[in-house]
Q: 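Structure incoming, see below.
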Amino acid sequence: MKYSTQTLQHKLVFHVTIGLLIFLTFAGILIYHYSYYYQLKMSKTIQDKLIRVIQQQAEVAVFAFNEEIANEILEGLLTSSIIDGAKIESSENFKIEKLSHQLNESINPKHISKYFDKGDIYPLFSPVNSNEQIGSIIVIQNEEYIQSEAIKAAVTQTTLMLIQLLIAALLILNTSERIVSQPVADLASSVSNIKPGTNSYIPIKPTHAFDEIGLLSRNINALIAANERSLAHTIAAREAAESATRAKSEFLANMSHEIRTPMNAIIGFCDLALKTGLSSQQHGYLSKIESASQSLLKIINDILDFSKIEAGKFTIESVDFRLDEIIKNTVAMTSISAAQKGLELVSSIDEKTPLFLVGDPLHLGQVLLNLTSNAVKFTESGRIIVKVEPIEEASEKEALESDSNLSSNEANDNSCSIRFSVSDTGIGLTPDQIDKLFEPFTQADASVTRKFGGTGLGLSISKQIVEMMGGKIDVQSKFGVGSTFFFTLNFNVKSQQTEEGYTKIKQDQQNQADEDFSSIIGAKILLVEDNKINQQVATEILRGFELIVDVAHNGKEAVDMAQNGSYELILMDIQMPVMSGYEATSIIKKDSRVSHIPIIAMTAHAMAGAKELCFEAGMDDYVSKPIEPKTLLSILKRWIEPNIERNLLKSETKQNRQEGINKIEVISKDVDLPDSLPGLDIKSALIRLNGNKKLYRELLIDFIKHYASITDEIKLLINKGNLDSASRIAHTLKGVGGNLSAQKIFVAAKDLEHKLSNYQKNSLQSEISSNYGLECDILLSNLKNEIDFVVHGIDKVIKKYILNAIQTDEPVDPIKVAPIILKLAKFLNYNDASSLNVFESLKDIMINSIFRDSILKMEGYIDNFDFPPALTILKNIAKEMDISIE
């Protein structure tokens, strides 16, 4: 049994026993050593006394050279058990020596003299002159006998002493148990037998009337009396409160149809009106009405669901469903709101997870949608991961099965436990906030100035649904870093369906890339890429393979174009605004009309796990930036099926290709581009661009326009703690540097991205250490030096083209726009819906200016009534235009 489960009596016995054992051990060791060495000392003392007794006779024998007396003396010494040998010798070569019988047999006579060299020497003096030494007695101790006797004496004394100490210890232990632990045990037993409402009290024995046991008993009796007095009042109050709660909950639950019906009508007619001919202003108004109605309906649904649970009218179903469909629907329903905030939303289902289950898919999806929506709501940058994995530990599985409410009437006996989790890189929670997180009508930030709205019912409802399904929900979070909500449920597995794994990569049968691209000539490709430089590079390479190329600037455009075009392959970037490549791939693969189109991930990610994430999202293959034409051709040939009609056009397309090459040569002939530029491998870049010097020069101009001062923007984001955005920019810059063949920029951007990504995963963003800051400064400085080096070289050669390229954005008159900005700031600060109208006026003026991206981002926040971040963007715009709105 565990120590913590033992009684006080057992703990007392345990501690006293351990203490006594330790004491007795040390005492026994000390007594043993003392007795042993004392016995050795006594043997030496006895030997000295024997020598003193025969010393005078020995002196006479040596003085008179009397061998007979000397022999008698030695024989007398050998009668003592502690002496093994003795020798009398004089300076006049008078020598007599004797050994014990046992020693005499074991020693070679030749070695006897050497044996006496180890003995104790006692000097002999002349009977006539006491100062004159005439000889000596040498004695050899019987060490074996002496040690044996010493050990016997030590063991005997130690045993007697330990027995005495043990008896004393047992008496002390028995007394302690009788006086201390037994009264406490009796008191604990009396307390455990007390039942509320019976007026039972603890008796106090006379022996404990004035000690601590009696004092504790009197205090407990006082508490019992107070509790009995308040119990009657509490029961009455509780019954009244429960009756009122049931009445309220039943009323709200019964109002479900009456409340939802008009809300559905409002939303439905808004949707119908939006499909009619409307002005842009009317369309905007109705869109915002629909958005507000959806928000209101969600609040109503939360309140009604909570009331139904309290009223006991919330039921759990048991039907067949596919787990992957639930996850896909959850991601699809939250992908748009995530994309509007620039968040990466991905899902991951472990390959061992069974997909054909029996349970309640509706309420499972409700919980997942609630958790995912919350993750999007409370995350400003980074990623959100919805993860599903089976639990293999038997103990956890048995615990879940014991509480499971799932029916097994329509399913096989086979069951499984599955863990669901939703992780984000949002604001995180403090320990105090976590303690009250799942309470109804409670929010982590309950102040009147809180940034995020809501009823505070979503997590409470999710908790109750999970518990009704036989599971348990919990959260792990670090303030400023992010949160992971997770729960585990037990399901029955429906039949023995083969689990659907992830899309497997077709094996490449060739060991090397074949430069013959005749089999893919004329194929129609959709290139999805948001960066202009990367667009142009990829387009040039693809058209060099005589492919028809359409370009989509983000994931949302890619979805629309894929559904409306006839593409044979899609090249998909990963990190894009509006909608990421992961989300776009998920939507396309879900559409049966276009799900067959191969999707190739095209990203500058080269970190471990990047390929796996692409495959988990549904992509079919992977190509890294900077794009190498041979590598890309190998992948294109792997996935684009040969086509007879395209093959008939080979000769025509070959002629067109030659004409295109000739055209590029003519265009590039007059382009003033040097053979080399500092920091750039022009030869390698032109091979990638099929020798198009004019395009390369335009890419260099674009690079100076957009990336000359990019390190300042990265540093600002790092100082603000927005490591995700800083990492994303470094990632984009890495791809651009690779496509321009600026190898040192590519390496420097890669090092910075790696450092930012690692720090995001392993540290608190709000606690940037001095070492980390120094490392980032060094990497940023290195990146800036490489960019400045390249920009300086480009600037010398094609400066006149750069100046013309930069002056393209419409100017904005600060005097004209200042009143509108001030008015909009006021409405946004008060969360006033009038912000919508004022913003439209600002948008008309600034949409074609250098602030276009900021205006579009503001529009996404304002359309969703998320006014605080919109106000932050507006303040940044005003600051750049030197307009004060404080």
Side-chain angles (χ1 to χ4, degrees), residues 26-165:
F26 280 103
I29 292 173
L30 291 174
I31 295 171
Y32 177 85
H33 281 279
Y34 173 79
S35 301
Y36 178 79
Y37 288 108
Y38 178 78
Q39 189 66 28
L40 293 180
K41 184 178 179 182
M42 289 298 297
S43 298
K44 177 65 174 173
T45 302
I46 294 171
Q47 176 181 297
D48 292 342
K49 288 181 178 180
L50 288 173
I51 297 300
R52 283 198 298 271
V53 170
I54 57 89
Q55 187 172 10
Q56 290 183 354
Q57 295 178 0
E59 289 174 348
V60 172
V62 172
F63 183 78
F65 299 101
N66 191 329
E67 293 184 3
E68 184 178 353
I69 296 175
N71 282 322
E72 290 178 357
I73 292 172
L74 294 179
E75 290 289 346
L77 287 175
L78 290 177
T79 59
S80 174
S81 300
I82 64 173
I83 296 177
D84 226 9
K87 176 180 180 181
I88 296 177
E89 64 180 4
S90 69
S91 55
E92 300 296 334
N93 293 324
F94 179 77
K95 179 173 69 175
I96 297 176
E97 55 191 20
K98 291 284 186 179
L99 296 175
S100 66
H101 178 71
Q102 293 179 350
L103 191 60
N104 194 37
E105 291 181 352
S106 61
I107 296 179
N108 191 325
K110 295 180 180 181
H111 299 154
I112 292 177
S113 297
K114 293 183 180 180
Y115 186 74
F116 277 102
D117 291 342
K118 301 184 296 180
D120 298 327
I121 301 174
Y122 297 91
L124 298 176
F125 298 95
S126 171
V128 178
N129 185 3
S130 60
N131 293 325
E132 179 185 358
Q133 182 175 346
I134 60 175
S136 60
I137 297 177
I138 302 174
V139 178
I140 301 173
Q141 287 186 337
N142 188 345
E143 294 181 355
E144 183 178 350
Y145 174 79
I146 292 172
Q147 289 183 358
S148 174
E149 291 299 312
I151 292 173
K152 289 179 181 179
V155 169
T156 302
Q157 294 181 30
T158 302
T159 303
L160 292 174
M161 185 63 69
L162 288 179
I163 291 173
Q164 295 174 9
L165 291 174

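The first residue of the sequence shown is numbered 1, and numbering continues consecutively from there. Bear in mind that the values here come from a model prediction, so they are computed numbers and not experimental data. What you see below is based on every heavy atom in this structure, not just the backbone, and it leaves out hydrogens, waters and symmetry mates.
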Q: Does Y34 have any ring pair (Phe, Tyr, Trp, His ring centres under 6.0 Å) partners at least two apart in sequence or in another chain, and if so, which?
A: none
Q: Could you pull out all residues at least two apart from Q164 that satisfy side-chain contact (heavy atoms from CB on, under 4.5 Å)?
A: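 Applying side-chain contact (heavy atoms from CB on, under 4.5 Å) to Q164 gives M161.
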Q: List the residues meeting side chain to side chain donor-acceptor pair (under 3.5 Å) with K44, not counting sequence neighbours, and say none if there are none.
A: D120
Q: Taking atom CD of Q56 as the centre, does the number of heavy atoms from other residues, nucleotides or ligands within less than 6.0 Å exceed 12?
A: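 Counting neighbours around CD of Q56, 12 or fewer heavy atoms of other residues, nucleotides or ligands fall under 6.0 Å, so no.
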Q: What are the two closest non-hydrogen atoms of I88 and A58, and how far apart are they?
A: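 Shortest heavy-atom contact: CD1-CB, 4.4 Å.
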Q: Would you say S90 and I134 make side-chain contact, with heavy atoms under 4.5 Å?
A: no
Q: Output the distance between atom CG (L50) and atom OG1 (T45), rounded to the nearest 0.5 Å.
A: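 Here the interatomic distance stands at 11.0 Å.
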Q: Test of understanding: with side-chain contact (heavy atoms from CB on, under 4.5 Å), list the residues that count as partners of L30, not counting sequence neighbours.
A: none
Q: So how far is it from L124 CG to Q57 CD, rounded to the nearest 0.5 Å?
A: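 So the gap between those two atoms works out to 12.0 Å.
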Q: Looking only at non-hydrogen atoms, find the nearest pair between A70 and A61 and report the distance.
A: N-CB, 4.0 Å
Q: With sequence neighbours left out, write down each residue that passes side-chain contact (heavy atoms from CB on, under 4.5 Å) with V53, or none if nothing qualifies.
A: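 V53 satisfies side-chain contact (heavy atoms from CB on, under 4.5 Å) with no other residue.
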Q: Pick out which of I54, I96, I69 makes a side-chain contact (heavy atoms from CB on, under 4.5 Å) with L74.
A: I96
Q: Please list, chain by chain and in numerical order, all residues satisfying salt bridge (charged side-chain N to carboxylate O under 4.0 Å, His left out) with E75, sequence neighbours excluded.
A: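 Expected list: K98.
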Q: Please round to the nearest 0.5 Å and tell me the distance separating atom CG of L77 and atom CD1 of I140.
A: 12.0 Å
